[in-house]
Amino acid sequence: MGKAKDSAVEERPKWGNKTQYLLTSIGFAVGLGNVWRFPYLCQVHGGGAFLIPYLIALVFEGLPLLYLELAIGQRLRLGSVGVWNSISPLLGGLGIASTIVSLLVSLFYNTILAWVLWYFFHSFQEPPPWKNCPINANLTGYIVECEKSTPVNYFWYRETLNITPDIEISGSLQWWMVLCLISAWFIVYICVIKGINSIGKAVYVTSTFPYLVLTIFLIYSLTLPGATDGLTYLFTPKWDKLLNPQVWLDAATQIFFSLSVAFGGLIAFSSYNPERNNCERDALLVGIINSATSLYASIPIFSILGFKANNAFLSCMDKNILALTNEFNMPDQNITVDNYDHWVNYLHQTYPDQFSEVSLNPNCSLQTFLEESASGTGLAFIAFTEAVIAMPVSQIWAILFFVMLFSLGLSSMFGNMEGVLTPIKDLKVLPKWLPEEIFTAMAFLLCCAVALIFALGSGNYWVEVFNTYVGSVPLLIIALFELISVIYIRGMKTFSDDIYFMTGRRPNFFWKACWMFISPALLLVVFIAYVVVQAQQHPTYPAWNPDHDEFPKTEKKPYPDWVFAIIILLSSVPVIPIPLVAIYRLIRRKMRRSSYNNNQRP
Amino acid sequence: MLDKILFLLCLASALADERCMPDTPHGFQVRLSIKTALGDEAYAWNENEMFLFRATLAFAMRNHMTGQQFNVSNIVVCDETERVSFWFIVTSPLDTSQLIDQENVEAAIRRSRNRINSAFLLTDKTLEFVDILPTLGTPYVHPTPPWLIAFGVVMGAVGAGIIIMLVSSAVQKKLKTNKKPQDKDEDDEEETRVKTMENGVARDGVYNMSFSEDERFTAM
């Protein structure tokens with residue numbers, strides 16, 4: 001009898017203290033998306049007005065899901081596979097689904113960390129390598145691809161990724177990327193090597209350092225010219241945007257993915273908690289700190305983007321002013337940015353023929369440059385690096401920024417990898433003689449080897465594929481099943497008792513209403529809307545093709561059929577275990593019951 | 001006599017003026033943006049500055065065409081505007097009616113561009129010779145790329161850390177197994193029995209028959 005239960009109770013590792021647990025969970029939730037996705041969404045979805053759908057989604061969808069995961073993990077004290085197995089063996093597939101998703105996400109997420117490492121290593125160079133175009137072989141001019149686009153773009157697409165013009169052209173392994181990729185996996189390994197004992201210590205740095213850097217950037221960026229323009233543009237609410245359902249969908253999906261629910265990592269982390277721990281307060285803390293971090297991060301990001309827009313505006317105006325000054329041979333600096341319009345009118349009226357000869361850029365307005373939006377890798381590696389060039393002592397700012405990005409991503413990687421390792425350890429399929437560290441090393445080696453796909457020339461396109469299709473629909477399905485499993489299969493009453501046992505009071509009406517009706521309904525709506533939006537058009541991807549007519553604009557290419565098949569696989573393979581395991585267990589149970597009825601038990 | 005000299009002078013200057021004009025095929029246009037470059041410390045453009053320019057250009061010509069003693073008078077300037085822009089041509093010191101061709105002038109300016117710029121505290125952009133593109137400086141090629149150095153340092157530290165942790169945990173495990181080979185199993189069983197009781201109390205309810213691994217159940 002005892003042996004059957006030892007998977008649940010035998011010497012489970014424990015957190016060193018509550019702070020480690022909280023920092024790890026916060027670090028898992030707070031990731032790259034808080035810095036480079038939320039500000040972008042705020043910008044395109046009406047500025048301050050976006051906070052309304054965002055907060056509604058947080059309260060009615062994010063916090064209940066978070067509380068549920070932390071509570072069930074802490075109560076049943078198992079990783080994701082074990083937890084769902086405990087509730088009902090038919091649900092074993094749910095844990096496997098979480099594990100597969102965590103694994104797939106780890107693969108491409110660490111590639112992003114490898115890119116961050118690459119930029120970090122290059123930040124020590126003065127001048128930054130993305131500042132100037134490299135000179136061509138015979139020293140007559142700059143490299144054509146760089147001249148047509150910008151040095152920053154060239155450094156990212158050519159010198160970092162060496163990207164191919166098409167996802168079908170795989171190119172070769174880029175040795176420098178392989179080095180960075182191996183480094184990233186090594187660094188994650190050394191932090192995860194002893195499970196939560198080492199993670200708990202690593203998070204003291206990786207979870208707190210980003211806040212320090214964000215504060216430094218906040219203070220510095222507010223002193224930059226153009227910062228206030230960026231901030232006013234960001235926070236001015238455009239209420240009419242709220243009428244667009246896409247805004248609400250984006251808010252719901254952002255909250256969902258930002259909190260990193262359904263990965264199994266949170267369940268794993270809370271399973272190492274002592275049994276009587278106030279998980280309600282933990283959930284509220286993690287959820288609110290995650291959203292607060294998003295808001296906090298958007299302030300320096302937008303100040304810096306405002307600074308960049310201001311610079312672009314001034315340089316555009318300077319070009320126009322120079323053209324006019326040269327054409328009309330006026331004294332230098334007579335035309336300035338302030339009296340530009342006045343001069344243009346005067347010259348246009350007085351010398352219309354000569355004026356029309358001058359080639360002026362008509363799109364020189366601050367608004368145009370502010371509206372250029374960037375998210376994801378475009379924000380970090382293109383927009384931000386361009387802004388950093390214009391700052392004094394660019395090296396320090398670049399180093400700080402990339403270390404911050406690395407910390408953010410690293411703490412999220414802990415959750416991703418723990419979502420994979422904890423269930424496998426809990427399944428007890430490993431031989432006893434295999435030390436934990438060696439097993440972890442083998443898992444990491446395997447992941448690193450598979451992740452080499454992303455070090456190919458077409459790697460960036462594959463990261464986009466994984467990012468869009470693995471980290472979206474499967475998670476929504478898993479979260480929906482999680483809700484149904486805990487509330488309806490385990491039962492609201494049993495779950496309330498669990499929470500009473502752990503925290504000393506039953507969940508109040510708000511939580512119950514959310515778990516039973518509001519959150520599942522919201523998730524269902526989000527899921528359906530998401531699938532409908534995705535299915536409306538054949539998916540395309542932006543390709544960097546130097547031979548394209550509109551270069552340096554990216555070329556929109558449709559995914560070829562075999563890639564499309566892989567996309568379908570990526571979306572469905574993680575969720576297939578859910579029905580498969582249920583059917584398998586049902587059949588086994590029926591077979592066992594019939595054989596039980598046939599043979600009388602001793 | 002005086003008439004003749006006057007006539008010759010007029011002719012000479014007329015000739016010089018004719019050859020120096022906007023869009024002349026023998027010279028170049030120059031544009032200076034002093035206020036842009038120096039802001040508040042900008043100096044005013046006057047005859048003395050022009051004299052310096054002609055002297056600097058003569059210096060450049062001397063450097064390029066060694067042996068020929070160019071003088072300030074060999075640099076002819078015209079069409080000065082408020083922009084501060086003007087055209088200039090270069091006459092040969094040996095025969096003022098001969099103009100130095102554009103290629104030589106361009107080569108001379110290219111060679112001494114830095115010196116010309118610094119004479120006026122300006123840069124390639126703010127002292128613009130129209131149609132003479134500034135030569136691109138050869139980029140400094142590091143013997144070892146700096147990023148590899150940073151990479152080596154970080155990876156060295158991480159690799160050392162990993163090895164230390166693996167070795168220390170292996171050593172710890174060896175010490176543990178040497179100390180307590182016997183007591184461990186007994187403790188485990190007691191713990192599991194105790195914890196089973198706890199869970200049983202908290203989780204009231206019927207033991208779920210389908211919850212257990214088949215093999216262990218039937219094995220008992």
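Values reported hereafter were calculated over all heavy atoms of this structure, with side chains retained and with hydrogens, waters and symmetry mates removed. Quick note on labels: first sequence line is chain A, next is B, and so on, each numbered from 1.
For B/V154 against A/F120, the heavy-atom pair with the smallest separation is CG2-CE2, 4.4 Å. Shortest non-hydrogen contact noted between A/E436 and B/K173 is N-NZ, 4.4 Å.
Contact of A/F186 with chain B is made through backbone and side chain together, with heavy-atom distances under 4.5 Å. For chain A, no part of B/I149 is nearby; none of its heavy atoms comes within less than 4.5 Å. B/V84 does not touch chain A: none of its heavy atoms, backbone or side chain, sits under 4.5 Å away. For chain B, the nearby part of A/L322 is the side chain; its heavy atoms alone come within less than 4.5 Å. Heavy atoms of B/V153 lying under 4.5 Å from chain A are absent altogether. Contact annotation for A/Y189: only side-chain heavy atoms (C-beta onward) come within less than 4.5 Å of a heavy atom of chain B. Proximity to chain B (any heavy atom under 4.5 Å) is restricted, for A/I193, to the side chain, taken from C-beta onward. With a 4.5 angstrom heavy-atom cutoff, A/W118 touches chain B only via side-chain atoms.
Rounded to the nearest 0.5 angstrom, A/D332 CG and B/E82 CD are separated by 11.5 Å. To the nearest 0.5 Å, atoms CE (B/M165) and NZ (A/K194) are separated by 5.0 Å. A distance of 9.5 Å separates CZ of A/F121 from CG of B/L148, quoted to the nearest 0.5 Å. Once rounded to the nearest 0.5 Å, the distance linking CD1 of A/I182 with CE of B/M155 reads 8.5 Å.
By the neighbour-count criterion of 12 heavy atoms within 6.0 Å, atom CZ of A/F124 is densely surrounded, having more than that number from other residues, nucleotides or ligands. Remark: B/F51 CZ is loosely packed, at most 12 non-hydrogen atoms of other residues, nucleotides or ligands lying under 6.0 Å away. Enclosure of atom CG in B/N114 is not indicated, since only 12 or fewer non-hydrogen atoms of other residues, nucleotides or ligands lie within 6.0 angstrom.
If you run side chain to side chain donor-acceptor pair (under 3.5 Å) between B/R83 and each of A/N326, A/N334, A/T325, A/N329, only A/N326 comes through.
Ring geometry, B/W147 versus A/H122: the interplanar angle falls under 30°, so the pair is classed parallel (tilted spans 30 to 60°).
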Candidate pair A/D318 and B/T36, rule side-chain contact (heavy atoms from CB on, under 4.5 Å), full reasoning: CA-CA 10 Å; A/D318 280 341; B/T36 314; over 6 Å; no
